[in-house]
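Please read all numbers here as calculations on a predicted model, not as lab measurements.
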Amino acid sequence: MNTPNEMDPTEVKRVRLQVLVREHRDLDDAISALQERGTADPLALRRLKKQKLSLKDRIAVLEDQITPDIIA
């Protein structure tokens with residue numbers, strides 16, 4: 001069914017999750033740097049924080065898709 005060049009859908013999700021986590025970490029670093037400077041535009045900070053929250057939500061969705069539901 002899958003040719004050797006195709007990735008398993010779960011592996012694709014794992015790679016995507018790693019990318020999103022890295023983007024989230026980078027945004028966190030950028031927000032911290034702007035806040036430390038003290039001259040950051042409040043609107044720009046708000047936008048970055050919203051973007052970070054959006055990434056967090058997308059990360060949670062992917063984690064739920066990757067981790068199977070186990071009812072004990």
Side-chain angles (χ1 to χ4, degrees):
M1 183 166 139
N2 284 346
T3 62
N5 294 338
E6 290 182 17
M7 289 177 65
D8 177 42
T10 303
E11 285 303 311
V12 172
K13 289 178 184 177
R14 288 183 201 278
V15 170
R16 183 69 185 139
L17 178 62
Q18 290 174 347
V19 170
L20 292 177
V21 167
R22 192 174 320 122
E23 286 179 23
H24 186 270
R25 192 175 323 123
D26 290 346
L27 269 177
D28 194 34
D29 292 343
I31 290 168
S32 295
L34 285 173
Q35 287 175 332
E36 286 175 9
R37 268 192 358 203
T39 59
D41 177 24
L43 183 60
L45 274 175
R46 201 169 324 131
R47 286 181 181 157
L48 288 174
K49 288 179 180 182
K50 271 188 172 183
Q51 191 175 359
K52 185 179 162 193
L53 271 174
S54 174
L55 281 173
K56 184 178 178 181
D57 291 342
R58 289 168 47 199
I59 288 169
V61 168
L62 275 176
E63 285 174 340
D64 286 346
Q65 291 174 356
I66 293 170
T67 307
D69 266 348
I70 300 173
I71 299 174

TODO: Only counting residues at least two apart or in another chain, list the ones meeting salt bridge (Lys or Arg N to Asp or Glu O under 4.0 Å) with Glu23.
DONE: none
Task: CG on Leu53 to CG on Leu27, rounded to 0.5 Å - done: 10.5 Å
Task: Residue pairs, two or more places apart or on separate chains, that pass salt bridge (charged side-chain N to carboxylate O under 4.0 Å, His left out) and touch residues 51-63 - done: Asp28-Lys52
Task: Counterpart residues, side-chain contact (heavy atoms from CB on, under 4.5 Å), relative to Asp26 (two or more places apart) - done: Arg22
Compile the donor-acceptor pairs under 3.5 Å between side chains in residues 40-51 and protein atoms, sequence neighbours left out, one pair per line.
unit_1 : atom_1 : unit_2 : atom_2 : d
Asp41  : OD1    : Leu43  : N      : 3.4

Task: Working for side chain to side chain contact (heavy atoms under 4.5 Å, CB included), residues Arg14 and Leu62 - done: CA-CA 8 Å; Arg14 288 183 201 278; Leu62 275 176; over 6 Å; no
Task: Apart from Val19 itself, residues in the same hydrophobic cluster as defined by side-chain heavy atoms under 4.5 Å - done: none
Task: Rounded distance (nearest 0.5 Å) linking atom NZ of Lys13 with atom CG of Leu20 - done: 13.0 Å
- [ ] Would you please name every residue forming a side-chain contact (heavy atoms from CB on, under 4.5 Å) with Val21, sequence neighbours left out?
- [x] Leu17, Arg25, Ile59
